[in-house]
Every structure is written in C-alpha cells, then in structure tokens.
2 protein chains.
Amino acid sequence: MYIQLLYMKELEDILKTKSEISLAKKTVINISLTSVDFRDSISNVLKPFDISIEQFNVLRILRGQNGKPTNLQDIQDRMVSKMSNTTRLVDKLILKGFVERFVCEHNRRKVEIFITKEGLKALETIDPLVLSSETKLTEALSKDELITLNTLLSKLRD
Amino acid sequence: MYIQLLYMKELEDILKTKSEISLAKKTVINISLTSVDFRDSISNVLKPFDISIEQFNVLRILRGQNGKPTNLQDIQDRMVSKMSNTTRLVDKLILKGFVERFVCEHNRRKVEIFITKEGLKALETIDPLVLSSETKLTEALSKDELITLNTLLSKLRD
DNA sequence: CAACTACCTTTGTATATACAATTGTTGTAC
DNA sequence: GTACAACAATTGTATATACAAAGGTAGTTG
C-alpha cells in the first residue's frame with residue numbers, strides 16, 4: 001500500500017517547541033502532516049482489499065458514471081494525476097477484474113472503460129469502512145470546529 | 001520533480017456543490033487537496049535546483065547537525081519515510097555532490113553522512129525561496145485565522 | 001568460541017507520480 | 001488526396017514510497 005510520507009518528524013517537533021517558526025511554514029507543515037495521517041489511515045482501510053487509494057478513486061469515478069461509457073480523458077479530468085498514470089491505474093484494475101476496457105467504435109483513438117459488477121461490489125463493501133475511518137479521523141473536533149476548519153481551508157485554496 | 005496528486009478534482013467539485021457530503025469526508029478531502037497544492041508549489045520552487053522535497057528535507061536535517069556525524073538511522077528518525085528510502089535518497093544527494101558518506105570506524109555497521117559545502121550553499125539559496133513560497137501560499141488568511149487553523153489541525157492530530 | 005540474536009544498512013519488487021517522447025487515429029488545409 | 005496538425009492513449013525514464021528479505025557487523029550466551 002502506498003502511503004505518502006513527506007515531511008519530517010523533526011518539523012513536527014519544531015511545531016511544538018519553537019514558536020518563532022514562521023506561521024506560514026508552520027501551517028504548511030501542519031497541513032502536510034495531517035494529510036499524511038489521513039492518507040495513512042485510509043490506505044490501511046483499503047489494504048485488506050489490495051487496492052490503492054488511487055485505484056479506489058478511479059473506481060468511484062466509474063461508478064459515478066452509472067454505466068455511461070467513460071474514456072481515459074474523462075477519468076483524467078476528474079483526477080488530478082497525469083494521463084500517463086491513469087492508463088496504468090486502469091491496467092491494474094483490469095487485472096483485478098474491477099473494470100473493463102474497450103476501444104471506442106466511433107473514435108478509435110478513445111478507450112472506453114466500465115466498472116464491472118465485481119468492482120461495484122467491492123466499492124459497496126469498502127465505502128462504509130472508508131467513511132467510518134474518515135469519521136474517526138475527524139472526531140477530535142466538534143461540528144462547529146470542523147466547519148471552521150473547512151471554511152479556512154477553502155479560503156486558503158482560492 | 002515529484003508532485004504527489006492524490007485526490008480527485010471531482011471531489012473538489014463535490015466540496016463546493018453538494019453540501020450533504022459528510023463533514024468528515026469533506027474535511028479529509030479538503031486537507032488532502034490543500035496539501036497537494038502546497039507540495040506542488042514547493043516542488044516548483046525546488047525544480048530549478050533539481051532536488052526533490054525529500055532530498056531538500058534530508059539536506060536540512062544534515063545542516064541541523066552542524067558537522068556532527070549523522071548516520072542513516074539518525075536521518076531516518078527525523079524523516080517519516082522508510083529506511084529503505086533514505087539509503088537511496090542519500091545515493092542521489094551524493095551524486096549531486098551535496099553530501100558525503102563514510103563507514104563509521106567505531107561501528108562498521110553504521111554509515112556516517114555529512115553535508116558538503118556545496119550542499120550548504122544550495123540550502124542558503126533555496127531556503128528563502130521556499131519560505132517566500134510558503135508565505136504566499138498562506139497569505140489568503142489573516143494571522144489570527146492562521147493561528148486558529150493551526151490550533152484546529154493540532155487538535156485533530158492528537 | 002561457535003551459535004544466536006540484535007543492529008544497521010542495503011537490495012528487490014510493486015505501486016504511484018512527473019515529465020517527455022512516441023504511437024496511432026482523426027480532422028483539416030492546401 | 002496527401003501533408004500536417006490536433007487528439008487520445010501509451011510507453012519510457014527518473015523519483016519516491018511501502019513492504020519484505022537479505023547482507024554484513026557487533027554483542028551475547030551457552
């Protein structure tokens with residue numbers, strides 16, 4: 001399982017001890033460490049099912065299409081990752097029997113991808129576990145605090 | 001340059017439109033997207049210098065040692081990443097002339113790593129650029145808002 | 001002191017990502 | 001209608017990470 005671990009534990013210590021660190025730097029570190037924690041937890045939820053977070057996201061995109069044909073570009077537009085990656089993510093999902101790939105008849109440059117029944121079934125099992133994990137990850141904050149946090153993050157990302 | 005891009009743009013849309021998404025899920029997505037933005041920006045700052053964020057972090061750890069011998073385990077303890085990775089990160093920094101590696105005389109199992117003058121010089125150039133980027137990334141929020149944000153994040157990560 | 005264990009690092013394999021180049025298809029312009 | 005550009009996807013290479021296994025060194029124990 002792929003868990004992204006980018007920032008130093010040392011920086012975590014700095015966060016606690018040296019308050020003279022710039023607020024900007026502190027914020028960047030804090031966000032990054034939190035993100036790593038989240039990603040780690042969700043990866044652990046997915047681990048028994050042998051799919052990565054990225055594969056999980058592709059599956060959810062395909063389910064969201066409700067059977068409509070989805071080409072790689074469509075998936076790509078909904079991912080932040082690069083095209084190159086999407087091809088290979090789909091390769092792995094095909095191997096697992098969760099998706100199928102066909103050449104588009106109307107435009108042979110395109111490739112159409114569908115989620116299989118097995119893929120849907122896997123999502124049904126996994127979804128509530130992920131949601132449960134997400135709930136647990138955020139339970140240290142009250143509803144109001146979470147709303148404040150989300151407001152600040154949205155403002156930050158404009 | 002290595003920019004990790006984990007969550008879907010689609011989820012970003014959900015963030016804005018469908019308010020019925022669970023607050024927990026929303027928070028996890030928001031944090032992840034923010035982290036990706038930050039990482040992307042800092043990677044772009046480092047790109048002209050041809051070093052990754054991870055390599056940059058190793059260099060800062062070594063500088064923090066002020067010439068004291070630093071073995072891989074020391075670096076490892078300050079990184080969140082795995083040992084296996086640290087060996088290869090150091091390999092690449094050696095190729096760039098930023099660090100040196102020697103077998104420890106007192107304990108031949110250990111490997112001592114030092115930052116070179118060139119490594120220090122690179123850090124001196126890069127540090128203010130990174131700080132500037134971090135400042136820009138957070139300037140949408142006031143000082144008080146940043147303090148609130150950091151407080152909430154710390155609470156979340158306990 | 002030989003065997004065992006613990007320690008420190010390295011190596012191997014699979015996954016994910018960034019970026020660049022390439023392949024194959026469609027559409028367009030001359 | 002052939003050459004060229006645009007489009008859609010794939011492939012190649014380098015980096016980073018997770019996890020497991022292996023290698024070499026030091027200490028410990030019978």
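Residue numbering restarts at 1 for every chain, and letters A, B, ... go by the order of the sequence lines. Since the structure is predicted, the reported quantities are computational estimates derived from the model, not experimental observations.
Residues satisfying the side chain to side chain donor-acceptor pair (under 3.5 Å) criterion with A/Arg101, sequence neighbours excluded, are A/Asp91. Partners of B/Arg63 according to the side chain to side chain donor-acceptor pair (under 3.5 Å) rule, which considers only residues two or more places apart in sequence or in another chain, are B/Asp127. Remark: B/Lys155 pairs with A/Glu145 by the side chain to side chain donor-acceptor pair (under 3.5 Å) rule, at least two apart or across chains.
Screening residues 110-158 of chain B for ring pair (Phe, Tyr, Trp, His ring centres under 6.0 Å), with sequence neighbours left out, gives B/Phe102-B/Phe114.
Side-chain contact, A/Arg60 with A/Asn57: a donor N or O sits under 3.5 Å from an acceptor N or O. A donor-acceptor contact closer than 3.5 angstrom is absent between the side chains of B/Gln73 and B/Lys110. Residues A/Gln76 and A/Thr86 have side chains that bring a donor and an acceptor to within less than 3.5 angstrom of each other.
Separating the CD1 atom of A/Ile51 from the C1' atom of D/dA18 is a distance of 17 Å, rounded to the nearest angstrom. Computed from coordinates, the B/Asp50 CG to C/dA18 P distance equals 17 Å when rounded to whole Å. The distance between atom CG of A/Asn57 and atom C1' of C/dT15, rounded to the nearest whole Å, is 15 Å. Regarding A/Lys92, its NZ atom lies at a distance of 10 Å from the P atom of C/dA14, rounded to whole Å. Taking atom CZ on B/Arg108 and atom P on D/dG23, their separation rounds to 18 Å, with Å as the unit. One interatomic measurement links the two molecules: CD1 of A/Ile75 to C1' of C/dT17, which rounds to 17 Å at whole-angstrom precision. In this structure, B/His106 atom NE2 and D/dA26 atom P are separated by 12 Å, rounded to whole Å. Taking atom CG on A/Leu46 and atom P on D/dT17, their separation rounds to 20 Å, with Å as the unit.
The same ILVMFWY cluster, assembled from side-chain heavy atoms under 4.5 Å apart, contains both A/Ile42 and A/Phe49.
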Name the pairs: protein N/O against N/O of nucleotides 1-5 of chain C, kept only if under 3.5 Å.
none

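No side-chain heavy atom of A/Phe98 sits less than 4.5 Å from a side-chain heavy atom of A/Leu62.
OP1 or OP2 of D/dC19 lies within a sub-4.0 Å distance of a side-chain N or O belonging to A/Lys47.
For A/Gln55 and A/Glu105, each mapped to the nucleotide of DNA chain C holding its nearest heavy atom, the one lying further toward the 5' end belongs to A/Gln55.
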Output one letter per nucleotide in nucleotides 5-12 of chain D: B when a protein non-hydrogen atom lies under 4.0 Å from the base, S when only the sugar-phosphate is that close, - when neither is. -BBSSBBB
